[in-house]
Amino acid sequence: MTKINKENKSMSKVPNLRFPQFTEEWNREKIGSILTIGSGKDYKHLSKGTIPVFGTGGYMTSVNEYLYDGESVCIGRKGTINKPSYVNGKFWTVDTLFFTHSFQKVVPKFVYYVFEKVNWLKYNEASGVPSLSKSTIEQIEINISCIEEQQKIATFLSLLDSRIQTQNKIIEELKLLKNTLIKKIFSRQLKFKDSNRNDFPEWEVKKIKEVGKFSVGGDLNKLDYKKEKLGKYTYPIYANGEGFGLYGYASSFQYPENCVTVSGRGNLGVANVRYEKFCAIVRLIVIYPDFDIHPKYLQEIINTVDFAIESTGVPQLTVPQISNYSIAIACLEEQTKIANFLLSIDSKIDTEIQILQKLEEQKKYLLQNLFV
DNA sequence: CGCGGATTAGCAAACTATGT
DNA sequence: ACATAGTTTGCTAATCCGCG
């Protein structure tokens, strides 16, 4: 890694961390004087193609025409206004996303990193949906260095960015590997042996309703809870949403440890093991597994089930619906083996996620210190 | 109470009236 | 014709509510 000089002149117009060959002060410039802002446009009338269309949330679709070809930094006009992005090549931006071009005295990549530092929400002028206008953005003042230093910083941070990308890829690959292994294990292509290197007994096909007791999450209004973990509010409340679906914390719990939850709204059919005492929001189905069912095994095998949605209105799953699906149950010893094997992959993924978080912290630190 | 339909909330995108 | 900014739409997920 490149050697960096540490100077502590936080009040002056030089950064805290600097590449050794640079000493001169940075200049204050209005964004409007170093680049031109272009407006996004509707793309609906265009035909499908190979040119990416970007919205404030990122890539959307591909069309056959482009608004601009080259390096550009995009920033939201409405909605998400604090997530700038860097693009290079032919692209189209949606109505609500500005792009930039015709850079003067600045390297586009450098501008991108400066934009990541700007507190855009501060310039929000709308009462409802956050929004920025061209003139507001043009008036914002930022600090820039000479082209050579900009180039150095941009290249350096790009290296870190690509490392972060690699880390994301590692995590994706591990998830993929886990999925592949799960498919092989539950389709019996990959079999575990018992401690005497013998085959385990054949798996028994059971209805989901035969593996434990069922319940569904209750009325939140009857629960004493807070959004944050605070004092007596220690028991997590789980919802149907993405990831672990943490909703808040309650002062008392409804379900014991080691239950399996299945999402009945939203992420339909997604199962999780809840290792702590917890509460559940309406529509979250809770299974108390029988003593001969390993919760982790149950979770993973439920996640392989493809539930059909029967309701006509908002898609949902109910207890009677899911309980009639069949799953294959191994003996408890084999279940435990499978569960521990999958848990070891989970913990490997966790480790990689922690590394990713470290890298992101590092980038944050550098964004704060390599700039004025 | 458990279910399912209806409603609501929050967000991003798309539309549209108005000004230049 | 283009830029701007308020309004509407569409989507997902949470919440409400009446019925058996």
Side-chain angles (χ1 to χ4, degrees), chain A residues 31-32 35-46 52-63 65 67-68 74-85 91-102 120-121 123-139 209 213-223 225 227 236-248 250 254-255 261-270 272 279-287 307-324:
Chain A
I31 289 177
L35 52 78
T36 311
I37 300 169
S39 298
K41 279 188 191 173
D42 185 24
Y43 63 91
K44 282 289 162 64
H45 61 286
L46 304 170
V53 176
F54 296 108
T56 54
Y59 171 81
M60 291 170 60
T61 177
S62 292
V63 293
E65 279 182 56
L67 264 184
Y68 186 70
C74 300
I75 182 75
R77 185 176 72 83
K78 266 194 188 295
T80 307
I81 57 171
N82 59 349
K83 292 271 182 305
S85 57
F91 67 89
W92 189 283
T93 64
V94 126
D95 176 31
T96 47
L97 186 69
F98 289 125
F99 66 97
T100 54
H101 59 94
S102 308
W120 296 99
L121 268 356
Y123 302 100
N124 170 30
E125 48 222 45
S127 49
V129 181
S131 82
L132 294 169
S133 69
K134 266 188 194 181
S135 56
T136 312
I137 299 174
E138 282 164 354
Q139 293 308 310
K209 66 177 145 199
K213 278 190 291 179
F214 284 76
S215 175
V216 270
D219 190 350
L220 261 190
N221 294 326
K222 288 180 188 153
L223 219 58
Y225 76 101
K227 280 279 175 187
I237 304 168
Y238 293 118
N240 292 311
E242 271 305 313
F244 235 55
L246 192 61
Y247 185 86
Q254 299 167 323
Y255 308 101
T261 61
V262 182
S263 179
R265 273 276 163 94
N267 293 333
L268 288 185
V270 173
N272 279 107
C279 296
I281 216 172
V282 216
R283 300 290 151 166
L284 187 66
I285 297 164
V286 181
I287 309 171
F307 295 106
I309 293 119
E310 293 167 16
S311 54
T312 49
V314 180
Q316 60 191 344
L317 284 174
T318 58
V319 174
Q321 277 175 45
I322 72 158
S323 59
N324 269 321

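A note on names: the letters A, B, ... follow the listed sequences, proteins ahead of strands, and every chain is numbered from 1.
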* Aromatic plane relationship, A/F54 with A/Y59 - under 30° parallel, 30 to 60° tilted, over 60° perpendicular -> perpendicular
* Aromatic ring pairing A/F99/A/F91, orientation class (parallel under 30°, perpendicular over 60°, tilted between) ->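 Answer is perpendicular, since the angle exceeds 60°.
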Specify the separation, in whole Å, of atom [atom1] of [X] and atom [atom2] of [N].
{"X": "A/R77", "N": "B/dC11", "atom1": "CZ", "atom2": "C1'", "value": "15 Å"}
{"X": "A/F54", "N": "B/dA13", "atom1": "CZ", "atom2": "C1'", "value": "17 Å"}
{"X": "A/F98", "N": "B/dA12", "atom1": "CZ", "atom2": "C1'", "value": "16 Å"}
{"X": "A/L67", "N": "C/dC2", "atom1": "CG", "atom2": "P", "value": "11 Å"}
{"X": "A/F99", "N": "C/dC2", "atom1": "CZ", "atom2": "P", "value": "12 Å"}
{"X": "A/K78", "N": "B/dT16", "atom1": "NZ", "atom2": "C1'", "value": "12 Å"}
{"X": "A/L317", "N": "C/dA14", "atom1": "CG", "atom2": "P", "value": "14 Å"}
{"X": "A/L97", "N": "C/dA5", "atom1": "CG", "atom2": "P", "value": "16 Å"}

In terms of side-chain heavy atoms of [X], which of [options] is nearest?
{"X": "A/A239", "options": "B/dC3, C/dA14, B/dA13", "value": "C/dA14"}
{"X": "A/S133", "options": "C/dA14, B/dG2, C/dA5", "value": "C/dA5"}
{"X": "A/Y247", "options": "C/dT15, C/dA14, B/dA13", "value": "C/dT15"}
{"X": "A/S39", "options": "C/dT4, B/dG2, B/dC15", "value": "C/dT4"}
{"X": "A/K134", "options": "C/dG6, C/dA14, C/dT4", "value": "C/dT4"}
{"X": "A/T56", "options": "B/dA13, C/dA14, C/dA3", "value": "B/dA13"}

* Asked: Are more than 12 heavy atoms from other residues, nucleotides or ligands located less than 6.0 Å from atom NZ of A/K134?
  -> yes
* Asked: Using 4.0 Å as the upper bound for N to carboxylate O, is an ion pair formed by A/K78 and A/D95?
  -> no
* To do: Respond yes when some side-chain nitrogen or oxygen of A/T80 is under 4.0 Å from OP1 or OP2 of B/dA12, and no when none is.
  => yes
* Determine the contact category for A/Y43: base if any of its heavy atoms lies under 4.0 Å from a base atom, sugar-phosphate if only primed atoms, P, OP1 or OP2 are that close, otherwise nothing. => sugar-phosphate
* Asked: When all nucleic acid strands are considered with a 4.0 Å heavy-atom cut-off, which category describes A/D95: base, sugar-phosphate, or nothing?
  -> base
* Structure fact -> Ranking A/V94 and A/S215 by the position along DNA chain B of their nearest nucleotide, the one closer to 5' is A/S215
* To do: Would you confirm whether A/W120, through its side chain, and A/T80, through its main-chain N or O, come within 3.5 Å as a donor-acceptor pair?
  =>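 Absent.
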